[in-house]
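Below, all heavy atoms of this structure are taken into account, side chains as well, without hydrogens, waters or symmetry copies. First listed ligand is number 1; within each ligand, the first listed atom is number 1.
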Amino acid sequence: MAKSKTIFYCNNCGHQSGKWIGKCPACNEWNTFVEEVILKDKTLVKKGAVKSVPTAINDIKSDREERINTNSIELNRVLGGGLVLGSIVLFGGEPGIGKSTLLLQVALNLPDKKILYISGEESQQQIRIRANRIGINNDECYLLNETSTEVVFKHCDDVAPDIIIIDSIQTLHTDIIDSSPGSISQIRETTSQLLQYAKTTNIPVLLIGHITKDGNLAGPKVLEHMVDTVLQFEGDRHYGFRILRSVKNRFGSTSELGIYEMVSNGLREVINPSEILLSNRENRASGVTIAAMVEGQRPLLIETQALTGTAAYGTPQRSSTGFDLRRLNMLLAVLEKRAGYRLSSKDVFLNIAGGIKVDDPAIDMAVAAAIISSFEDVEIAPNICFAGEIGLSGEIRTVSHVENRISEAEKLGFKRIVLSSYGIKNITIKNTSLDIIPVSNISELIDVLY
Ligand code: TYD
Ligand code: MG
């Protein structure tokens, strides 16, 4: 019987220590150390079996890495052109966002590939019911209920799948370690076993990883270092839209984005998002503006809505969906200080259409214009869109991918676009029918609005 050994791990960064410490020396977080019992089985450690060989870089074959076409435009895009053989892809996201649905759909959508879908969370019947709902059929999709990696690898050898899907990494455990499934040491060990399996057999592995709202659960953070690609599945559960974002990708760009909509038969790919996000433009009201955004490489026109009103209960309320509240407060302060709008006594509500969370700072100008429009109760013409970041002194800053934004706006029938006057000096805009309005600060923006 091997001697049991305990080790302390930092919940935040995975740093190890022989004893409990209050402050992690690696990431400086307090109170993050947890104790875990480790039982390394000495018999499993083979001695002297050296298989690896150093090879000169020029002797290594570098044929274009082989990729599997996932039959999904959005997923291929986010992966950088398909699933690379032997790679490990982690899909992270909050519970209920649709991770299992997405990967089951991927499995069913590949009729010429053999898939092994391993679930430690749902029974085979439950997955079958979901597959019925999705309504696609793949005879070569095998379901397995298993949580032990040793057994999983045995089944993988028998089935010889082209792709392995694991739902989720938190339910897997290996017998080598004595701690419970989902603990840091288990996640680390099972992932490294999977990594080794994927690299030696060249079978790609798709992993699901949970992230809780408070971020307490260790796992995905430690995992991110080990896997090849990390994709984040996000969106507001009450809206239909889901965004698949690439956070890390050893085989492609990290600025790519996939957009899906959750419907009654699974996730539908949204190939042209702007048209949906701008659906009811006939219904005009004050406080509504359109932002010409770029998420990843992809232009996206999005509606922003603001509502200002006199604060009824002393302290004014500020609320925002899809936009950072601190950034909203900053924009309100800039509008008050630089343009004289008395917003400090007003309630301000802000909403980005479709429940999509935007990162692009270019939305600032559309948000400011929506607030001004609601404050003055003046409608903004529906054929105008905005792209510009606002600085603390009220200046409008230039944004990236200006040409992309212009061509998308033109495609969707807009007539005018408001841009930073600094940005358009450096670019040459050819053959666009769009009227480009340059502004350099908030007061010029206000002049454009009226
Ligand atoms: P699920 O994939 O189980 O989420 P996760 O694995 O990330 O926890 O699905 C989440 C939600 O998706 C579930 O509440 C129901 C909904 N859903 C649909 O709206 N339509 C569908 O066709 C399916 C399969 C699920
Ligand atoms: Mg699930």
K.L.:
Looking at ligand 1, would S264 count as a contact under a 4.0 Å heavy-atom criterion?
P.N.:
yes
K.L.:
With heavy atoms of I97 as the reference, note each atom of ligand 1 found under 4.0 Å away.
P.N.:
4 (O), 7 (O)
K.L.:
Looking at M262, which atoms of ligand 1 are within less than 4.0 Å of one of its heavy atoms?
P.N.:
12 (O), 16 (C), 17 (N), 18 (C), 19 (O), 20 (N)
K.L.:
Identify, by atom number and element, the atoms of ligand 1 in contact range of N265, meaning under 4.0 Å from any of its heavy atoms.
P.N.:
22 (O)
K.L.:
Nearest heavy atom to atom 3 (O) of ligand 1: which of E94, K99, R130 does it belong to?
P.N.:
R130
K.L.:
Say whether P95, considering both its backbone and side-chain N or O atoms, lies within less than 3.5 Å of an N or O atom on ligand 1.
P.N.:
no
K.L.:
Check whether the side chains of N138 and N109 place a donor and an acceptor atom closer than 3.5 Å, and report yes or no.
P.N.:
no
K.L.:
Which atoms form the tightest heavy-atom contact between V84 and S87, and what is the distance?
P.N.:
O-OG, 2.7 Å
K.L.:
Less than 3.5 Å between some nitrogen or oxygen of T101 and one of ligand 1, yes or no?
P.N.:
yes
K.L.:
Any N or O on G98 sitting closer than 3.5 Å to an N or O of ligand 1?
P.N.:
yes
K.L.:
Is a donor from one side chain sitting under 3.5 angstrom from an acceptor on the other, for T174 and E189?
P.N.:
no
K.L.:
I need the contact type for I134 against ligand 1. Using non-hydrogen atoms and a strict under-4.0 Å cut-off, is it side chain, backbone, both or neither?
P.N.:
neither
K.L.:
Salt-bridge test for E140 and K114: reply yes if a basic N is under 4.0 Å from a carboxylate O, no otherwise.
P.N.:
no
K.L.:
Should the pair D228-R250 be classified as a salt bridge under the 4.0 Å nitrogen-to-oxygen rule?
P.N.:
yes
K.L.:
Looking at Q126, H210, Q170, which hits side-chain hydrogen bond (donor to acceptor under 3.5 Å, both in side chains) with E121?
P.N.:
H210
K.L.:
Strictly under 6.0 Å, is that where the ring centroids of F241 and Y260 end up?
P.N.:
no
K.L.:
Just checking, any donor-acceptor pair under 3.5 angstrom between side chains of T289 and T304?
P.N.:
yes
K.L.:
Ring-plane angle category for H15 and F33, please: parallel below 30°, perpendicular beyond 60°, tilted otherwise.
P.N.:
perpendicular
K.L.:
Any atoms of ligand 1 less than 4.0 Å from a non-hydrogen atom of G96? List them with their elements.
P.N.:
4 (O), 5 (P), 7 (O), 8 (O), 10 (C), 11 (C)
K.L.:
With a 4.0 Å cut-off, would you call K99 and E94 a salt bridge?
P.N.:
no
K.L.:
Heavy-atom pairs closer than 4.0 Å: do any link ligand 1 to the side chain of V263, the backbone, both, or neither?
P.N.:
backbone
K.L.:
Taking the Mg ion (ligand 2) as the center, what protein N, O or S atoms are found at less than 2.8 Å?
P.N.:
S100 OG
K.L.:
Tell me whether the count of non-hydrogen atoms from other residues, nucleotides or ligands lying under 6.0 Å of CD1 in I73 goes above 12.
P.N.:
no
